[in-house]
Visitor: 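Okay, here's the structure, questions in a sec.
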Amino acid sequence: MRRPGKPRPDPAVEPAYAALKARIIARTGHAYYSDKDDLLLERLYRRMRATGAPDLAGFAALLDEPTQGEAEWARLEAEITIGETFFFRYSEQFTALRGTILPDLVDFRRSEKRLRIWSAGCSTGAEPYSLAILVREILGEALPEWRVTILGTDISAEAIATARAAEYGRWALRTMPPEERLRYFTHLPPEPGLRREGGFALRPEFRAMVRFTQGNLLKVAEPPGGGEEGYDLILCRNVLIYFDAATVTRVVHGLGRRLRPEGWLLLGHAEPNPTFSAFLDPVSLPGTVAYRPGGRLSPEPVPPVPFILPELPVLASVERAVEVSKPILEPSFEAADAAPQDEVEGETEEGNEDAAPLDRVRILADAGETGAAWRVLREALDADPTHAGLRFYEGLVAVSLGREAEAERALRAALYLDRHFVMAHYHLGLLLLGLGRRVEAVRALDNAFALSQSLPPDTVLPEGDGALARDVAAGVSAALGRSFETMRGRA
């Protein structure tokens, strides 16, 4: 049952709110908050508590203060911008980068050996660092012969500082098999009061490829300055959702003008717009759409490199996959419902009570507030203990907090409730691999593979962060170190 909380803020009784909201949207372009007063007020009240401002009028005056105003604007901008932090987000776009876009650019720039890449709205750095990993893998031993510039920009100074540190919790690496974590990161031991669950530091060879700077995307709508060098690849994903339609068009047009003639632009899944074709050429790739500068025909994409998987036929029925999964579905609800043995650190999440619990958990966890995400989960599970999605996220958040036993119980509970839950099988397998229990891990990952093979390859999987059925099949093959054909034979 929901515990009583503080009364929800009422914009109607906050005389300074309307003017402050207008200033925030004008400065940041975040029209996302135009109809989300409760969420914006909640974030503003956090900053008010942190600064000791007596009310919104006092906080607005602080923003105008000559010595402290800009610093507080930076902290407020970080507060109202929800940052995604996990590596290789939207695997189909990274498949396109690995198989088509980056090989195309490498081939085209082979004579000058120069690549310029921009991650616009990079949050805490997972995206540009993921690009650095890809570029290093594609260029291989030839990397020292190339000049590769990867730039990450974000409006939040705090996000940029985190990106430069290149240290991440387990949540940011949640889709990465254990052997890839070891290849790209070194493990950081727990530190009392800082990293209770430990963390992961990106290896120096990848950090050295990326530089970061603070920047506001609204400036992109302005014409590029004379002598400004163009980019071969720009990614601007999950940022445009904050802007209104007119601003989105201006920003995308500005990004297009900053591409070199043979360059590529990738936007978020929900952000393509038919009007962009007036100044950009859309290019359909498996699972995504990319853009190239308009006014010319796009060249044929280069053939994919060998490790990009073809579209898969349906090889197994759902019923057969469920039969495979039966031996491992033995959860203990008493154990899964048990409260954590030690208290989770983090700020209590207030406000926004009307948001669906799963949405709140995603927002909190992606913003790095795993302690608050855990509390929202516990409250939601008290009200609905048989919700498979909540059990799944209970497992993911428990993993990020270093609570492997609770994570395993929660993922098994999710599978008890929904045997067809592909991502629960997959993450259970990754968890068991990391614990050294390979036999059980293989069973869970085989279940994920069989279920994903029973679906059309382009099926978007529930709670998969945009992953397609064929992406999970590829991930299982990589995690188990087996060829794809061997996995197909097993299915």
Side-chain angles (χ1 to χ4, degrees), residues 91 174-175 177 312-338 356-358 361-362 377 380-381 383-399 403-435 437-480 482 484 487-491:
S91 57
R174 63 187 183 271
T175 63
L312 312 179
V314 175
L315 299 178
S317 67
V318 171
E319 289 76 18
R320 183 201 173 285
V322 169
E323 289 299 318
V324 173
S325 72
K326 283 182 179 177
I328 67 171
L329 302 177
E330 300 170 355
S332 166
F333 274 100
E334 292 76 17
D337 283 331
L358 276 181
V361 168
R362 292 188 195 100
L377 275 166
L381 283 167
D384 189 0
T386 59
H387 191 296
L390 289 172
R391 289 293 176 191
F392 173 71
Y393 273 96
E394 180 189 22
L396 294 189
V397 175
V399 168
R403 294 179 167 145
E404 287 86 356
E406 292 168 79
E408 180 181 352
R409 289 193 292 268
L411 290 170
R412 290 190 186 277
L415 290 170
Y416 180 87
L417 295 164
D418 182 359
R419 294 180 176 182
H420 301 78
F421 203 150
V422 177
M423 298 309 298
H425 286 291
Y426 180 69
H427 281 280
L428 177 62
L430 293 183
L431 172 63
L432 294 171
L433 270 183
L435 295 173
R437 293 158 58 185
R438 185 172 177 84
V439 173
E440 296 170 85
V442 168
R443 291 164 66 187
L445 291 170
D446 279 348
N447 293 340
F449 187 89
L451 281 167
S452 66
Q453 286 285 276
S454 72
L455 301 168
D458 291 330
T459 301
V460 178
L461 297 174
E463 308 307 337
D465 290 313
L468 306 180
R470 64 166 173 264
D471 298 325
V472 168
V476 171
S477 300
L480 295 181
R482 298 173 180 165
F484 180 64
M487 293 297 301
R488 287 180 63 180
R490 290 176 62 88

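No experiment lies behind these values; they were computed from the predicted model shown.
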Visitor: Might you point out which heavy atoms bring Ala441 and Gly429 nearest each other, and give the distance in Å?
Guide: CB-O, 3.5 Å
Visitor: Report the distance from atom CG of Leu415 to atom NE2 of His420, rounding to the nearest 0.5 Å.
Guide: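 If we round to the nearest 0.5 Å, Leu415:CG and His420:NE2 are 11.5 Å apart.
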Visitor: Quick check: closest heavy atoms across Gly395 and Leu411, and the distance to 0.1 Å?
Guide: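 Taking Gly395 first and Leu411 second, the nearest heavy atoms are CA-CG, 4.1 Å.
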Visitor: Identify the two heavy atoms, one from Ser454 and one from Leu451, that lie closest to each other, and give their separation to 0.1 Å.
Guide: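 The pair with the smallest heavy-atom distance is OG-O, 2.6 Å.
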Visitor: Do side-chain atoms of Asp418 reach the backbone of Ala414 as a donor and acceptor pair under 3.5 angstrom?
Guide: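 Such a contact is absent between Asp418 side chain and Ala414 backbone.
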Visitor: Where do His425 and Arg419 come nearest, in terms of heavy atoms and distance?
Guide: NE2-O, 3.0 Å
Visitor: Are Glu408 and Arg437 close enough for a salt bridge, meaning some N to O gap below 4.0 Å?
Guide: yes
Visitor: If every non-hydrogen atom of Leu445 is compared with every non-hydrogen atom of Leu433, which pair is closest and at what distance?
Guide: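 What the structure gives for the nearest pair is CD1-CD1, 3.9 Å.
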Visitor: Would you call Arg391 and Glu394 a salt bridge, taking side-chain N to carboxylate O under 4.0 Å as the test?
Guide: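 Glu394 and Arg391: salt-bridged.
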Visitor: Would a distance-only check, ignoring hydrogens and angles, find a side-chain to backbone donor-acceptor pair under 3.5 Å from Ser452 to Ala448?
Guide: yes
Visitor: Which pair of non-hydrogen atoms, one from Val422 and one from Leu461, has the smallest distance, and what is that distance?
Guide: CG1-CD1, 3.9 Å
Visitor: Mind checking the OG1-CG spacing from Thr386 to Leu417? Nearest 0.5 Å is all I need.
Guide: 6.0 Å
Visitor: Phe392: which residues meet the ring-ring contact (aromatic ring centres under 6.0 Å, His included) condition with it, sequence neighbours left out?
Guide: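 Checked Phe392 against ring-ring contact (aromatic ring centres under 6.0 Å, His included); matches are Phe421, His427.
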